[in-house]
2 protein chains.
Amino acid sequence: MDLSPVRLDALFQALGDPTRRALIHRLAAGPATVSDLARPFDMTLPSFLLHIRKLEASGLVLTSKDGRTRTVTLVPGAFTPVRTWLDDQRDLWEARLDRLETFVTDTPKGPRT
Amino acid sequence: MDLSPVRLDALFQALGDPTRRALIHRLAAGPATVSDLARPFDMTLPSFLLHIRKLEASGLVLTSKDGRTRTVTLVPGAFTPVRTWLDDQRDLWEARLDRLETFVTDTPKGPRT
DNA sequence: ATAACAGTTAGGCAACGCCCTAACTATCGT
DNA sequence: ACGATAGTTAGGGCGTTGCCTAACTGTTAT
């Protein structure tokens, strides 16, 4: 799993936009063409395209063109780096809580060694 | 749990920067002052401050000033909205896979009802 | 062959992001 | 009181983001 800062930057930034999150949400139901995806959004196609491009650049989505239509597909495990990072932070936090707990428990009266 | 787009935007965008992620990582070990936090980074204080402000605005972090020092504290469950959104997407995806599976399994020969 | 269609490129614009320097305020230590 | 310290404000540079319109390419349907 790629946890390089660059990759995480791209992922988090790609997900930091409501249009793109809605797109991801939609794509969970299955692949679709650019125009079909664009229909619900109040936006011109060129603008919309940029969102697709950004999702593609982040690796969340794959696109392929056959004939004159481009089909966009969600990449299944694409946000596991995000999940992994989040889990790491939580683990760190909980490790700290454990340490605090140990401190409190093992120190009946006088702290400071 | 607040899952409003605005909140998620702020969270994802706050996490879409390596400096800020490093900051979160550091803060998991416990609260610290602005200068202490800034020390490892090759950046002027005013620039650094903006990162703190952005984290604060996203709700990931709380700050309080006593005397002339400002202390920054990680907000424990602050990225659960992010987790929740991620989980929702995964659930959606798996629901779809289940549907596909059912289709394949329940359709020995002739598809199309 | 020609019109409609799906997507793309080019160019422009306002807002924002991330960095800087310089100068300032408010506290703390002596 | 005075200098050092911690943080803040003001202002600017420069690239990026997110939107637009207009014009274009390539593909399909009649």
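Reminder, nothing fancy here: chain letters follow the sequence lines and each chain counts from 1. Here the structure is a predicted model, which means the values were calculated and not measured.
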Looking at side-chain heavy atoms only, is the closest gap between B:T69 and B:V34 below 4.5 Å? no
Residues from residues 61-73 of chain B lying under 4.0 Å of DNA chain C - heavy atoms: B:G67, B:R68
Lys/Arg-Asp/Glu bridge criterion (N-O < 4.0 Å) met for B:D87, A:R83: yes
Inter-residue atom distance A:T63.OG1 - A:L55.CG, 0.5 Å rounding: 10.5 Å
Shortest non-hydrogen contact from B:F79 to A:Q89? CZ-CB, 3.7 Å
Can you find a side chain N or O atom of B:K54 that sits less than 4.0 Å from OP1 or OP2 on C:dC18? yes
Locate the shortest heavy-atom distance separating B:G30 from B:R26; write the atom from each residue and the value. O-NH1, 3.0 Å
Give, ordered by number, those residues of residues 40-53 of chain B having at least one heavy-atom distance below 4.0 Å to an atom of DNA chain D; if nothing qualifies, reply none. B:L45, B:P46, B:L49, B:R53
Taking only heavy atoms on the protein side, list every residue of residues 13-32 of chain A lying under 4.0 Å from any atom of DNA chain D, sorted numerically. A:D17, A:R20
Between the side chain of B:R20 and the main-chain N/O of B:H51, is any donor-acceptor distance below 3.5 Å? no
Would the distance check show the side chain of B:E56 and the main-chain N or O of B:L62 forming a donor-acceptor pair, the cut-off being under 3.5 Å? no
State the CG-OG1 distance between B:L50 and B:T19, to the nearest 0.5 angstrom. 11.5 Å
A:T84 side-chain N/O to A:T80 backbone N/O, donor-acceptor pair under 3.5 Å: yes
Check this for me, if you would: do B:R21 and A:D9 make a salt bridge, where the nitrogen-to-carboxylate-oxygen distance has to be below 4.0 angstrom? yes
Please report, rounded to the nearest Å, how far the C1' atom of D:dT5 is from the CZ atom of B:R39. 11 Å
Round to the nearest Å and state the distance from B:L37 atom CG to D:dT8 atom P. 12 Å
